[in-house]
J.: 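Before I ask anything, here is the structure I am working with.
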Amino acid sequence: MGFRIVVIGTHSKLELSLNYLVFKTVNEVKRINIDEIQTLIIESTAVSLTSALLSELISKKVKIIFCDEKKNPVSELVPYNGNTGSFKCVNNQIQWSMDIKNKVWKEVIKEKINNQALVLSSVDKSASEELILFANDVLDGDITNREGHAAKYYFNRIFGDDFTRNNENKKNAYLNYGYTLLLSQVNRCVVSKGYLTQLGIHHKNEFNQFNLSCDFVEPLRPFVDRKAFTLNDDNFKDELVKMLAETYIVDGQKQTLSNAIYIYITSLINALNSGDVSVIKFIKENE
């Protein structure tokens, strides 16, 4: 598995040569071994790529993210063949019972709210304790929508009473970019395990290609929220990309966030296949 997060933000050409990604501009040429690349982010619309390079990147399971003219992520490449046993995996996915899906969703939402409480504790300790009460009240399938109530309470205390996720402002720009990066990492893991990103356990939007990934990414979002406190227009994209290489804790071990996500996603799928939520390995911030 690669470890480099490569961001291309200038007018350039990318091509393949002897298992290397070759970056060319008018003034320079750089080469990066494809086996070292985990994620390639194309930030500029003035970048051209060869089909040979794209094919090789996909075969090496490199996640490729494309951005628009404002450098916001808008799409990614998802391979048709993520796993040689994908038929068996998809068959298992179709047969996940409603009972285990509801139980897994409960654990996912509890973890998300608890992570939000950790972020909020640095701003308002008493408010964070209130969020923990929300987490303790989550039922199977979150049928009482503790997630939605907690989110409104949380964001208003983090970013102010006037803040909503629909506002067009700097904070939402930071959150949207960071959430998209996380979602892409989750997509990469789901596809590599042989499962369909479209078929979720809670998200069921027919226009969403990544319903399952949207389910799984929820507890990771507060990691981006914490970053949003200190970010500014000059560095927020670079800092959020760096987050993927920072150290987190999963299963009692230190891992880069990108590696931790793979372990976490694997454990969620194991829980859904086995019917046992105790095997889920959530990611913790490295204090």
Side-chain angles (χ1 to χ4, degrees), residues 61 63 76 78-117 131-151 179 182-223 248-252 255 258-284:
K61 302 187 185 305
K63 173 57 63 179
E76 59 185 70
V78 178
Y80 283 140
N81 300 311
N83 182 287
T84 55
S86 60
F87 175 81
K88 179 180 178 180
C89 294
V90 172
N91 192 48
N92 287 340
Q93 185 176 3
I94 293 171
Q95 296 185 56
W96 290 338
S97 71
M98 185 58 66
D99 180 63
I100 187 57
K101 288 192 287 189
N102 285 339
K103 283 181 166 58
V104 167
W105 185 242
K106 172 185 176 179
E107 298 303 315
V108 164
I109 294 308
K110 284 179 63 177
E111 184 70 10
K112 176 184 180 179
I113 297 174
N114 282 325
N115 284 344
Q116 289 175 329
L131 268 186
I132 293 173
L133 295 179
F134 279 104
N136 292 338
D137 287 340
V138 178
L139 302 176
D140 286 1
D142 190 25
I143 58 175
T144 58
N145 193 26
R146 293 300 89 189
E147 178 192 18
H149 293 294
Y179 292 166
L182 288 179
L183 184 64
S184 294
Q185 293 300 305
V186 173
N187 287 336
R188 178 178 184 268
C189 297
V190 170
V191 171
S192 72
K193 299 293 292 183
Y195 292 82
L196 296 177
T197 60
Q198 296 91 335
L199 191 59
I201 61 174
H202 178 78
H203 289 82
K204 298 177 182 178
N205 187 332
E206 64 179 302
F207 302 107
N208 184 2
Q209 293 292 311
F210 308 121
N211 284 309
L212 186 63
S213 301
C214 287
D215 292 328
F216 290 171
V217 80
E218 295 295 349
L220 312 182
R221 293 179 184 272
F223 301 158
Y248 287 73
I249 306 296
V250 63
D251 198 22
Q255 300 279 354
S258 56
N259 288 343
I261 288 173
Y262 185 85
I263 295 169
Y264 160 64
I265 297 304
T266 300
S267 75
L268 282 172
I269 291 172
N270 288 341
L272 288 160
N273 284 330
S274 68
D276 182 6
V277 296
S278 70
V279 303
I280 300 175
K281 299 173 182 177
F282 287 113
I283 302 170
K284 306 295 184 183

J.: Would you indicate whether the side-chain heavy atoms of F282 and N114 approach each other to under 4.5 Å?
T.: no
J.: What are the two closest heavy atoms between Y179 and R221, and how far apart are they?
T.: CD1-NH1, 3.0 Å
J.: I'd like to check N136 versus V138 (side-chain heavy atoms, cut-off strictly below 4.5 Å). Are they in contact?
T.: no
J.: Should D215 and V108 count as side-chain neighbours, where that means a heavy-atom distance under 4.5 Å?
T.: no
J.: Would you indicate whether the side-chain heavy atoms of W105 and E147 approach each other to under 4.5 Å?
T.: yes
J.: Write down the atom of D276, the atom of I100, and the distance for their closest heavy-atom approach.
T.: N-CD1, 4.1 Å
J.: With a 4.5 Å cut-off on side-chain heavy atoms, are E76 and F210 touching?
T.: yes
J.: To the nearest 0.5 angstrom, please state how far the CH2 atom of W96 sits from the CD1 atom of I201.
T.: 7.5 Å
J.: Just wondering, are more than 12 heavy atoms of other shown residues or ligands nearer than 6.0 Å to NZ in K101?
T.: yes
J.: Could you state the interatomic distance from NZ (K204) to SG (C214), rounded to the nearest 0.5 Å?
T.: 14.5 Å
J.: Measure the CG-CD1 distance between N92 and I269 for me, rounded to the nearest 0.5 Å.
T.: 10.5 Å
J.: Looking at C189 and I261, what are the two nearest heavy atoms and their distance?
T.: SG-CG2, 3.9 Å
J.: So, for N115 and P219, which heavy atoms are closest and what is the spacing to 0.1 Å?
T.: ND2-O, 2.9 Å
J.: To the nearest 0.5 Å, what is the distance between OG (S213) and CD (Q198)?
T.: 9.0 Å
J.: Got a second to check how far L272's CG is from K103's NZ, nearest 0.5 Å?
T.: 12.0 Å
J.: Are E218 and H202 close enough that some pair of their side-chain heavy atoms sits under 4.5 Å apart?
T.: no
J.: Using side chain to side chain contact (heavy atoms under 4.5 Å, CB included) as the criterion, point out the one residue from L212, N270, V217, V186 that pairs with I265.
T.: V186
J.: Is the side chain of N205 donor-acceptor paired with the backbone N or O of N211 at a distance under 3.5 Å, no angle test?
T.: no
J.: Can you name the nearest heavy-atom pair linking C89 to K193, along with the distance?
T.: SG-O, 3.3 Å
J.: Could you go through the side-chain contact (heavy atoms from CB on, under 4.5 Å) check for T144 and D142 one step at a time?
T.: CA-CA 5 Å; T144 58; D142 190 25; 4.3 Å; yes
J.: Could you check whether T197 and N187, counting side-chain N and O atoms only, form a donor-acceptor pair closer than 3.5 Å?
T.: no
J.: Say you draw a straight line from OH of Y195 to NZ of K88; how long is it, rounded to the nearest 0.5 Å?
T.: 8.5 Å
J.: Examine distances only and state if a side-chain atom of Q93 and a backbone atom of L199 form a donor-acceptor pair shorter than 3.5 Å.
T.: yes
J.: Shortest non-hydrogen contact from K112 to P222?
T.: O-CG, 3.8 Å
J.: Between R146 and D137 (salt bridge meaning N to carboxylate O under 4.0 Å), is one present in this structure?
T.: no
